[in-house]
Amino acid sequence: MQEVQTTYYKTPIGIAKIVGDKNGIQSVSVLDDYSVAEELLHQSVPYCLQECVVQLEEYFKGKRASFGLTVNPKGTDFQKKVWKSLLQIPYGKTRSYLEQSKALGDVKAIRAVASANGKNPLWIIIPCHRVIGSDGSLTGYAGGIWRKKWLLNHENPAKQQSLF
């Protein structure tokens with residue numbers, strides 16, 4: 001059995017916990033407990049997780065719009081189908097839960113789709129932050145609405161502030 005590895009990476013919006021093995025990245029989550037993670041930040045990064053750290057760093061520096069990682073998330077077939085559909089939302093764009101349900105072929109599955117989005121184990125890599133309410137509201141986000149807003153602004157910054 002392959003040994004699962006863990007590393008931590010400091011992002012502008014929290015400490016990312018990255019878990020995976022040679023078969024791919026299983027999860028990327030954000031921690032709110034900085035005191036626990038700070039001491040873990042200085043450990044060496046396991047080889048199987050190094051590319052994930054590099055690509056996340058590029059993303060946060062604005063040099064990467066999509067990820068080219070081998071992923072191996074744990075979930076049901078339905079959840080994996082929903083997570084795969086999230087990868088079709090372009091960088092800097094959003095889609096409503098209703099639009100996502102329609103894209104998956106079942107407008108009535110909106111609650112199940114929203115639930116699967118909420119269980120997405122690959123923070124940022126599978127961009128569930130790009131899904132918003134039909135009215136444009138920043139509804140539900142496991143990492144906190146403030147992080148969702150930050151990520152959307154990061155991906156689509158205002159080109160110029162209005163003077164008036």
Side-chain angles (χ1 to χ4, degrees), residues 2-32 34 37 40-97 99-104 112-132 138-159:
Q2 176 63 33
E3 185 179 344
V4 175
Q5 303 286 322
T6 302
T7 196
Y8 298 84
Y9 167 67
K10 189 171 190 169
T11 78
I13 54 175
I15 307 291
K17 178 181 179 183
I18 304 165
V19 178
D21 59 26
K22 70 175 186 168
N23 296 319
I25 305 300
Q26 294 174 5
S27 70
V28 177
S29 55
V30 63
L31 305 179
D32 284 319
Y34 294 94
L40 301 170
L41 285 173
H42 304 292
Q43 297 177 352
S44 64
V45 178
Y47 179 77
C48 63
L49 305 178
Q50 288 176 356
E51 186 60 25
C52 184
V53 170
V54 167
Q55 290 190 29
L56 281 171
E57 192 167 283
E58 291 170 348
Y59 171 85
F60 282 108
K61 288 181 176 177
K63 297 178 179 178
R64 176 171 290 278
S66 63
F67 294 88
L69 298 166
T70 301
V71 296
N72 189 18
K74 306 294 183 223
T76 66
D77 289 343
F78 177 76
Q79 288 170 333
K80 289 178 182 180
K81 179 180 173 185
V82 170
W83 300 336
K84 189 173 184 178
S85 77
L86 290 168
L87 296 170
Q88 305 307 310
I89 306 172
Y91 182 89
K93 302 291 182 192
T94 58
R95 179 184 287 168
S96 72
Y97 289 99
E99 289 168 328
Q100 188 185 12
S101 297
K102 287 178 181 176
L104 286 162
V113 167
S115 176
N117 281 359
K119 291 179 174 63
N120 170 21
L122 290 164
W123 181 60
I124 298 175
I125 295 167
I126 296 178
C128 60
H129 61 276
R130 295 180 189 152
V131 182
I132 60 174
L138 301 183
T139 58
Y141 187 63
I145 295 294
W146 73 271
R147 284 191 180 102
K148 183 173 190 163
K149 183 176 182 178
W150 191 99
L151 291 166
L152 292 173
N153 287 337
H154 174 70
E155 293 184 4
N156 195 8
K159 299 299 180 227

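The basis for the numbers below is simple: all heavy atoms, side chains too, and nothing from hydrogens, waters or symmetry mates. Here the structure is a predicted model, which means the values were calculated and not measured. We number each residue from 1, following the sequence as shown.
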Peer 1: Before we go on, tell me: are the rings of Tyr141 and Trp150 under 6.0 Å apart, centre to centre?
Peer 2: no

Peer 1: Does any N or O in the side chain of Lys148 come within less than 3.5 Å of the main-chain N or O of Val131, such that one atom is a donor and the other an acceptor?
Peer 2: yes

Peer 1: What pair of heavy atoms forms the shortest contact from Thr11 to Ala16, and how long is it?
Peer 2: CG2-CB, 4.0 Å

Peer 1: Is any side-chain heavy atom of Val71 closer than 4.5 Å to a side-chain heavy atom of Ile125?
Peer 2: yes

Peer 1: If we ignore hydrogens and angles and just use 3.5 Å, is the side chain of Gln50 paired with the main-chain N or O of Val45 as donor and acceptor?
Peer 2: yes

Peer 1: What I'd like to find out is whether the side chain of Val28 reaches to under 4.5 Å of the side chain of Pro121, using heavy atoms alone.
Peer 2: no

Peer 1: Taking only residues two or more places apart in sequence or in another chain, which ones pass salt bridge (charged side-chain N to carboxylate O under 4.0 Å, His left out) with Glu99?
Peer 2: none

Peer 1: Under the ring pair (Phe, Tyr, Trp, His ring centres under 6.0 Å) rule, collect the residues that match up with Tyr9, sequence neighbours excluded.
Peer 2: none

Peer 1: Just by distance, do the side chain of Gln79 and the backbone of Thr76 share a donor-acceptor pair under 3.5 Å?
Peer 2: yes

Peer 1: May I ask you to test the Tyr59-Leu151 pair for a side-chain heavy-atom distance under 4.5 Å?
Peer 2: yes

Peer 1: Check Arg64, Arg130, Lys93, Lys149 against Glu155 for a salt bridge (charged side-chain N to carboxylate O under 4.0 Å, His left out) and give me the one that passes.
Peer 2: Arg130

Peer 1: Which donor-acceptor pairs under 3.5 Å do side chains of residues 81-92 form with protein atoms, sequence neighbours excluded?
Peer 2:
unit_1: Trp83; atom_1: NE1; unit_2: Ala116; atom_2: O; d: 2.8
unit_1: Ser85; atom_1: OG; unit_2: Val82; atom_2: O; d: 2.6
unit_1: Ser85; atom_1: OG; unit_2: Gln100; atom_2: NE2; d: 3.1

Peer 1: Using modelled atom types and a 3.5 Å cut-off, is there a donor and acceptor pairing between side-chain atoms of Gln55 and backbone atoms of Gly68?
Peer 2: yes

Peer 1: Are any non-hydrogen side-chain atoms of Tyr97 and Asn117 less than 4.5 angstrom apart?
Peer 2: yes

